[in-house]
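One structure coming up, written as structure tokens, with questions to follow.
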Number of protein chains: 2
Amino acid sequence: MGMLIDGQWHDDDRIIEDGAFRRLPSRFRGTIGDNIVAALGAEAGRYHLIASSSCPWSHRTLLLRELKGLAPAVPLQLAGGTRVEGYPVNGGRSWTLPGSDRSIVHLHELYSLADPLYTGRATVPVLWDSREGRIVSNESTAICRAFDEAPAGGLDFVLRPVRLRDAIDRLNARLQQSLFNAVYEAGLAQRQEAYDAAVARVFASLDKLEARLAARRYLFGNVASESDWFLFSCLVRFDAVYFTHFRCSRRRLVDYPHLWAYARDLYAWKGVAATVDFDAIRAGYYRNDGVHNPFGIVGVAPEADWGAPSGRDALGAAELALRQGGSRAIDPGSLRPLEPAA
Amino acid sequence: MGMLIDGQWHDDDRIIEDGAFRRLPSRFRGTIGDNIVAALGAEAGRYHLIASSSCPWSHRTLLLRELKGLAPAVPLQLAGGTRVEGYPVNGGRSWTLPGSDRSIVHLHELYSLADPLYTGRATVPVLWDSREGRIVSNESTAICRAFDEAPAGGLDFVLRPVRLRDAIDRLNARLQQSLFNAVYEAGLAQRQEAYDAAVARVFASLDKLEARLAARRYLFGNVASESDWFLFSCLVRFDAVYFTHFRCSRRRLVDYPHLWAYARDLYAWKGVAATVDFDAIRAGYYRNDGVHNPFGIVGVAPEADWGAPSGRDALGAAELALRQGGSRAIDPGSLRPLEPAA
């Protein structure tokens, strides 16, 4: 998607090193201060979430915003991947902001506004402070955690509770390496060996998760955590794009009975289905990857019944009341957290 | 794969017209004379089959050669898709003949040998008369029919019997248009609308076949025909390459219970599994399609148990004796042929 160098936009594509894809770290990272966390729900309209429906890291923030009841207070600006006709900024290979203030067409302009000498990719998601005109964060995890802890009207428990914090962080880090980013390393590889190694990691990771989720409803037992939603944002893209366009074609999600039921279980949560736009997901990946898909052909959607009952209630009914609309009948602190599998 | 024009090799790629793939007809076509049909089994070693393990039209001839017991008399020269290092014929974008007489490295040289002013693509399969140094045919259907009628030691019934001839020809023509070539039109399309139209035809065709094969063991009832083997050569490639590389990603073969069992039923015939080289199939498609797959990355094999029992014996046991090794207990002429579904 190109990048900014010292505030100037360049249309170069992704970072490929020796035929392998290398992801650059986000730049506006770091934790988000308590004052901002408190203001998220309170100062309605001040903070904007800029996110893409196709990007899984964006999706995490869309999920947290929804689950945590922040939608009324934190407006959403969806970023599109389509070129803007007639807009001559280096061919326009950047996320666009359709429907936003038309003085800003491309996301990278927002980055330059926040830092006139910015160097780096103009990525989503972005938490934008519209009052100060600055990027609060472009790091999905930091945004998710601010949303998780912001007082609002959604779930009445945090998805990254203190007692599970280390375990969640360890699992997230492992999944980032073995799955969330590995599918990109497979799909964007320009050398067979880089692809082969990435695909092997992807399926070793899915096999492990399938075993882990055979007997427990969520990754840490019978209460959903941040890790579950991070994993969900990957699984929901698997058959739609990773299996086909990214060539992770050994097994589909639907071929893993436990993982597939687990994904449908999460999909059934209130507000979640509305964050999943399968057409945007396929269009985003197929159209933005001109290097591997020169004609931009968007593959047909694989058939899958995401609305089929998951049958996972029997594995632990603790979440049930919460799923139905946020009852306080259950104290998540009373649930015995399970340690992640080694 | 390039083509010959007036006997000169050109490295141009496939024929694309307005973003859609157009297949050219074979040149050395037409029926093969009765004298050659009789000589196929009799003059051992005179006629050579040149075929590729990845090409489905080649595969038809490999199947017929095997089923009809012609392997001892008709030597097989496998054509490879790999560039030959150091061989400077226009970059070598043609089928190669590994292990053959090294004075002939590329298949197109054989075409030029047969006709010094040949214009057209140098395709497989080819039936080559080694005594006369000429191409008998490069049309898979003509070669299949010669093999089908040649007296040899294999199946003791013809796969295109007179009473079914018209029905078989009609069905083959329909499947060629709606499925066998439509997957190529999907995969090689350079325009979204051309792809969409082709994919729609592919799945309409598979849906129809699924219904047709729900209650009958083979396309024309309880005796296998030429059409079944033509269909088999397509189905065996579906999940391996058409679903992924050609983006026919609505449903896999394994998602069609009857078609998938039918394909395994045919796969279990004596000699058939040996004609299926899944690695060569994936490599052939992924590596030869540099236009759509610029880095030549070969996708991982999807898991599928081709050896699982098909459970289709109950639909008609007539073939059983023949499958076990060619008993003459059954007179195929006594079987009631079924008309193809409209």
Which of parallel (below 30°), tilted (30 to 60°) and perpendicular (above 60°) describes B:His292 and A:Phe295?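 Ring orientation of B:His292 relative to A:Phe295: tilted.
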Under 4.5 Å between any side-chain heavy atoms of B:Arg252 and A:Phe243, yes or no?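 Heavy-atom side-chain distance check passes, below 4.5 Å.
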Which atoms of B:Arg250 come close to chain A, meaning under 4.5 Å heavy atom to heavy atom: side chain ones, backbone ones, both, or neither?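 For B:Arg250, the contact with chain A is made by backbone and side chain together.
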Among B:Ala186, B:Ser249, B:Cys248, B:Ala189, single out the residue with the greatest number of heavy-atom pairs under 4.5 Å to chain A.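 Most heavy-atom pairs within the cutoff with chain A belong to B:Ser249.
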Contact part of B:Asp255 toward chain A, heavy-atom cut-off under 4.5 Å: side chain, backbone, both or neither?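 The side chain, not the backbone.
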Grab the two heavy atoms, one from A:Arg247 and one from B:Ile297, that are nearest each other, plus how far apart they are.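 Shortest heavy-atom separation between A:Arg247 and B:Ile297 comes out as NE-O, 3.8 Å.
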Heavy-atom proximity to chain A below 4.5 Å, by part of B:Val298: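 B:Val298 touches chain A through backbone and side-chain heavy atoms alike.
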Given heavy-atom pairs under 4.5 angstrom as the criterion, report whether the side chain, backbone, both or neither of A:Val300 touches chain B.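 For A:Val300, the contact with chain B is made by backbone and side chain together.
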